[in-house]
Amino acid sequence: MKRYWLMKSEPSEVSVDDALKARGQTVAWVGVRNYQARNFMRDAMQVGDGVLFYHSSCAEPGVVGVAEVASTPYPDDTQFDAKSKYFDAKATQENPRWMMVDVRVLEKTRLLPLAELRAQEALEDMLILKRGNRLSITPVTAEEWRCIDRLLHK
DNA sequence: GCCAACGTTGGC
DNA sequence: GCCAACGTTGGC
């Protein structure tokens with residue numbers, strides 16, 4: 001069963017344009033340091049799952065592209081790199097703590113802003129719109145996906 | 001296991 | 001820069 005996800009990225013780190021220009025058209029989703037988000041990548045994602053590419057912590061937060069999961073999970077090497085801001089002293093090669101997947105952007109869309117998402121009755125239960133939600137990776141239902149797909153292409 | 005303190009996220 | 005909300009840490 002194909003599943004759907006929303007993945008946040010700060011455009012100052014990796015924008016949808018950066019991801020499109022990436023060599024091989026896939027980007028490794030480095031830097032996730034939250035257990036729930038890691039578990040989604042490690043335990044639930046399948047190659048081919050749909051991904052909404054979301055820009056966060058920026059002037060115009062919102063969905064900016066459609067992507068897909070492009071790899072099975074594997075260790076995020078930045079956890080072993082003492083010079084990386086994602087370094088984790090408690091992680092070892094034998095026992096990696098942080099996993100990630102590769103993501104391939106299939107399409108850069110128009111910017112679908114947060115306010116427009118909030119205006120949709122069909123999206124009222126969407127996790128990203130819940131008060132106080134900060135999870136960088138959240139599951140999206142098939143219904144939510146269809147609704148957003150329509151909005152992106154209208 | 002509790003919980004206060006602290007750090008981070010992220011919209012505004 | 002502000003601040004609400006949440007996750008993590010660490011002393012007990």
Side-chain angles (χ1 to χ4, degrees), chain A residues 3-22 26-45 49-69 73-105 107-141 143-145 147-154:
Chain A
R3 299 189 203 195
Y4 301 96
W5 308 93
L6 181 143
M7 299 176 79
K8 296 180 189 172
S9 185
E10 300 187 14
S12 59
E13 298 289 324
V14 181
S15 70
V16 67
D17 290 314
D18 296 332
L20 269 175
K21 279 183 292 199
T26 73
V27 287
W29 210 260
V30 300
V32 170
R33 294 297 180 266
N34 169 281
Y35 289 105
Q36 239 186 305
R38 177 204 67 183
N39 292 349
F40 285 138
M41 292 195 288
R42 189 189 62 184
D43 306 331
M45 281 188 181
D49 280 0
V51 172
L52 297 169
F53 198 109
Y54 181 93
H55 279 176
S56 68
S57 293
C58 58
E60 295 182 298
V63 177
V64 291
V66 176
E68 67 178 5
V69 175
Y74 62 102
D76 177 345
D77 275 342
T78 60
Q79 73 194 295
F80 309 124
D81 178 0
K83 288 181 302 237
S84 168
K85 65 174 170 176
Y86 300 124
F87 177 66
D88 184 340
K90 294 191 179 147
T92 63
Q93 296 277 353
E94 299 72 35
N95 242 324
R97 177 178 290 201
W98 304 110
M99 306 290 281
M100 63 182 180
V101 297
D102 292 341
V103 170
R104 175 184 300 109
V105 175
E107 179 197 4
K108 181 185 178 182
T109 61
R110 76 178 176 100
L111 168 77
L112 173 50
L114 242 197
E116 194 174 342
L117 293 172
R118 288 195 193 283
Q120 310 301 317
E121 215 167 314
L123 299 180
E124 65 181 351
D125 291 328
M126 213 181 156
L127 291 174
I128 191 94
L129 304 181
K130 299 264 184 191
R131 196 167 60 108
N133 191 302
R134 304 178 310 170
L135 249 194
S136 64
I137 299 176
T138 47
V140 172
T141 67
E143 293 73 24
E144 290 162 352
W145 177 275
C147 176
I148 290 171
D149 193 60
R150 265 197 304 276
L151 292 171
L152 287 172
H153 297 110
K154 77 177 183 191

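The figures here come from the full heavy-atom set of this structure, side chains too, leaving out hydrogens, waters and symmetry mates. Proteins get letters first, then strands, A, B, ... in listed order; numbering begins at 1 in each.
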Dump the pairs, protein N or O against N or O of nucleotides 6-9 of chain C, anything under 3.5 Å, distances to one decimal.
unit_1, atom_1, unit_2, atom_2, d
C:dC6, OP1, A:Arg131, O, 3.3
C:dC6, O2, A:Arg134, NH1, 2.7
C:dC6, O2, A:Arg134, NH2, 2.6
C:dG7, O4', A:Arg134, NH2, 3.2

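For A:His55 and B:dG11, the NE2 to C1' distance is 16 Å, given to the nearest whole Å. A:Leu6 has its CG atom 11 Å from the P atom of B:dG10, to the nearest Å. Between the P atom of B:dG10 and the CD1 atom of A:Ile137 lies a distance of 11 Å, rounded to the nearest Å.
Look at A:Lys130 and A:Glu124 and you find no salt bridge, because none of the NZ, NE, NH1 or NH2 atoms lies under 4.0 Å from a carboxylate O. Contact check on A:Arg33 versus A:Asp76 returns a salt bridge, with a Lys/Arg side-chain nitrogen under 4.0 Å from an Asp/Glu carboxylate oxygen. Using a cut-off of 4.0 Å between Lys/Arg side-chain N and Asp/Glu carboxylate O, A:Glu116 and A:Lys154 are scored as salt-bridged. For the pair A:Glu13 and A:Lys85, the salt-bridge criterion is met [side-chain N within less than 4.0 Å of a carboxylate O].
The aromatic rings of A:Phe40 and A:Trp5 are tilted relative to each other, their planes meeting at an angle between 30° and 60°.
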